[in-house]
Amino acid sequence: MATALSIRGLRKTYGDVVAVDHLDLEVKTGECFGLLGPNGAGKTTTIEICEGLTDPDAGEVEVLGRRWNSHAQELRERLGVSLQETQLQEKLTVEETVRLFRSFYQKGRPVEEVIDAVQLTEKRRARVGQLSGGQRQRLALACALVGEPDLFFLDEPTTGLDPQSRRQLWELIAGFKAAGRTVVITTHYMDEAERLCDRVAIVDHGRVIALGSPRELIESMGAEHVVEFALAGDQQIEDETLRRLDGVLAVQREDGLIRLQAAEIHRVVPALLAELQRRGAMLAELRTHTATLEDLFVALTGRHLRDA
């Protein structure tokens, strides 16, 4: 497969803060690639450099085989960009806004077709200021789509949206990919990445700490399930005791909650309950779930994305 985006040795600092720290990435043509990590991990800075909005301090970036310092106009014609916050003129209508963005490109899709694609046909004459948050996000995607780009950059496209609006945007992004377009998306929602992305890079402190398909990364933990529990009162149980339980692969603690990584949940839960009964300890809570990218991030960094 051809390479749509190549990043080598990328570095960007703001004073004493290192936002991107010698980052290397490669995105193949036609894939949906996720750049994941907590706020402040360097995702948005990396995307802004790739979009030509920010200059790096060091490193090289090739977008669609071109570089910004020599092919800026060509790249602007071939990219679709949806920023983390898109400020649109609130007095314009949906149709006027999309028509304005269409005028920026020599070639592109018909305005009516794009409005229909993002499911805003009934709102085409509504002013931007009258739209809901989800409708505004779909309009921002329409503005990115109208130039018929080869590569989409979508920076946190579903932040702050309700579940229904998020799923509607997921369907649109899946449609971009199905049409053979390359999509690069940043997010701190791991379920979003698992749903949409062919491959993901988990970034923390400006560096890639894990790279692969969502399933490959989850399997790399060696655990298919996670058991989370808390003990009532001030009761305690040692990590070493938990590690000896049948089926437990790893033990982690966070804010009074104990997390057990397990390959076979049907072995771990009975073993845990038997040990607690032997000690006379009482559970305050107990839950289980299939391992996710969020669990991988916790295993790698010791903290949750939402808290990082």
Side-chain angles (χ1 to χ4, degrees), residues 4 27 29-36 43-44 47 51 76-200 214:
V27 178
T29 300
E31 75 174 335
C32 182
F33 187 91
L35 197 59
L36 316 183
K43 307 186 306 296
T44 294
I47 290 296
E51 293 166 345
R76 291 190 185 100
E77 290 283 340
R78 299 179 64 188
L79 299 184
V81 175
S82 180
L83 302 175
Q84 197 167 28
E85 292 186 16
T86 303
Q87 300 297 325
L88 301 172
Q89 175 51 252
E90 297 205 347
K91 294 189 180 298
L92 291 180
T93 66
V94 167
E95 183 175 356
E96 289 169 341
T97 301
V98 179
R99 197 172 298 282
L100 172 65
F101 275 78
R102 173 62 184 85
S103 70
F104 300 154
Y105 301 93
Q106 295 183 29
K107 299 178 181 179
R109 296 176 63 177
V111 170
E112 296 78 8
E113 179 182 310
V114 173
I115 292 175
D116 182 62
V118 298
Q119 304 171 30
L120 286 176
T121 301
E122 295 182 359
K123 294 290 184 178
R124 61 184 299 170
R125 301 193 188 283
R127 299 190 186 280
V128 173
Q130 300 171 327
L131 301 180
S132 68
Q135 290 166 345
R136 284 175 179 248
Q137 288 287 65
R138 295 207 300 275
L139 178 57
L141 283 180
C143 295
L145 175 65
V146 73
E148 192 77 333
D150 297 310
L151 172 58
F152 291 93
F153 287 109
L154 307 178
D155 191 9
E156 303 282 1
T158 65
T159 296
L161 297 186
D162 60 82
Q164 181 179 359
S165 296
R166 285 184 72 205
R167 291 188 178 277
Q168 288 174 333
L169 282 176
W170 288 356
E171 292 176 2
L172 288 172
I173 295 168
F176 297 163
K177 177 189 166 187
R181 310 294 179 180
T182 305
V183 181
V184 177
I185 181 172
T186 72
T187 182
H188 57 267
Y189 296 128
M190 291 304 197
D191 60 332
E192 188 164 272
E194 290 181 43
R195 171 74 175 267
L196 297 174
C197 298
D198 299 299
R199 290 191 305 137
V200 299

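Here, residue 1 is the first one in the sequence, and each next residue gets the next number.
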- Task: Could you tell me the separation between the CD atom of Gln135 and the OG atom of Ser165, rounded to the nearest 0.5 Å?
- Result: 7.5 Å
- Are any non-hydrogen side-chain atoms of Asp150 and Thr182 less than 4.5 angstrom apart? no
- Query: Rounded to the nearest 0.5 Å, what separation is found between the OG1 atom of Thr121 and the CG atom of Asp116?
  - Reply: 4.0 Å
- Scan for side-chain hydrogen bond (donor to acceptor under 3.5 Å, both in side chains) pairs involving residues 122-131, sequence neighbours excluded, and state none if there are none. Glu95-Arg124
- Message: So which atom in Leu172 and which in Ala117 form the shortest heavy-atom distance, rounded to 0.1 Å?
- Response: CD2-O, 2.8 Å
- Task: With sequence neighbours left out, write down each residue that passes ring-ring contact (aromatic ring centres under 6.0 Å, His included) with Phe104, or none if nothing qualifies.
- Result: Phe101
- So, Thr187 side chain and Leu36 main chain: donor-acceptor pair closer than 3.5 Å or not? no
- Could you pull out all residues at least two apart from Glu96 that satisfy salt bridge (charged side-chain N to carboxylate O under 4.0 Å, His left out)? none
- Task: Could you name each residue pair satisfying ring pair (Phe, Tyr, Trp, His ring centres under 6.0 Å) that touches residues 105-151, not counting sequence neighbours?
- Result: none
- Message: Checking Arg167 now: which residues fulfil salt bridge (charged side-chain N to carboxylate O under 4.0 Å, His left out) with it, not counting sequence neighbours?
- Response: none
- Query: Can you list the residues that meet the ring-ring contact (aromatic ring centres under 6.0 Å, His included) rule with Phe176, with sequence neighbours excluded?
  - Reply: Phe152
- Over 12 foreign heavy atoms within 6.0 Å of CZ, Arg109: yes
- Query: For Asp198 and Lys177, what are the C-alpha separation, side-chain angles and deciding distance, and is it a side-chain contact (heavy atoms from CB on, under 4.5 Å)?
  - Reply: CA-CA 10 Å; Asp198 299 299; Lys177 177 189 166 187; 2.7 Å; yes
- Message: Rounded at 0.5 Å granularity, tell me how far CD1 in Ile185 sits from CD1 in Ile173.
- Response: 4.0 Å
- Test side-chain hydrogen bond (donor to acceptor under 3.5 Å, both in side chains) applied to Gln89 - qualifying residues, sequence neighbours left out: none
- Query: Does Glu77 have any side-chain hydrogen bond (donor to acceptor under 3.5 Å, both in side chains) partners at least two apart in sequence or in another chain, and if so, which?
  - Reply: none
- Query: Who are the side-chain hydrogen bond (donor to acceptor under 3.5 Å, both in side chains) partners of Thr97, not counting sequence neighbours?
  - Reply: none
- Test Leu83 against Asp155 for side-chain contact (heavy atoms from CB on, under 4.5 Å), laying out the working first. CA-CA 5 Å; Leu83 302 175; Asp155 191 9; 5.5 Å; no
- Inspect the contact between Glu112 and Arg99 and indicate whether a charged nitrogen and a carboxylate oxygen are less than 4.0 angstrom apart. yes
- Can you list every ring pair (Phe, Tyr, Trp, His ring centres under 6.0 Å) pair that touches residues 111-145, not counting sequence neighbours? none
- Task: Please list, chain by chain and in numerical order, all residues satisfying side chain to side chain contact (heavy atoms under 4.5 Å, CB included) with Thr158, sequence neighbours excluded.
- Result: Leu161, Arg166, Leu169, Trp170, Tyr189, Glu192
Can you give the donor-acceptor pairs under 3.5 Å from side chains of residues 136-147 to other protein atoms, not counting sequence neighbours?
| residue | atom | partner | partner atom | Å |
| --- | --- | --- | --- | --- |
| Arg136 | NH1 | Glu90 | OE2 | 3.4 |
| Arg136 | NH2 | Glu90 | OE2 | 3.0 |
| Arg136 | NH2 | Val128 | O | 3.4 |
| Gln137 | NE2 | Pro157 | O | 2.4 |
| Arg138 | NE | Val118 | O | 2.9 |
| Arg138 | NH1 | Gln168 | OE1 | 2.8 |
| Arg138 | NH2 | Gln119 | O | 3.4 |

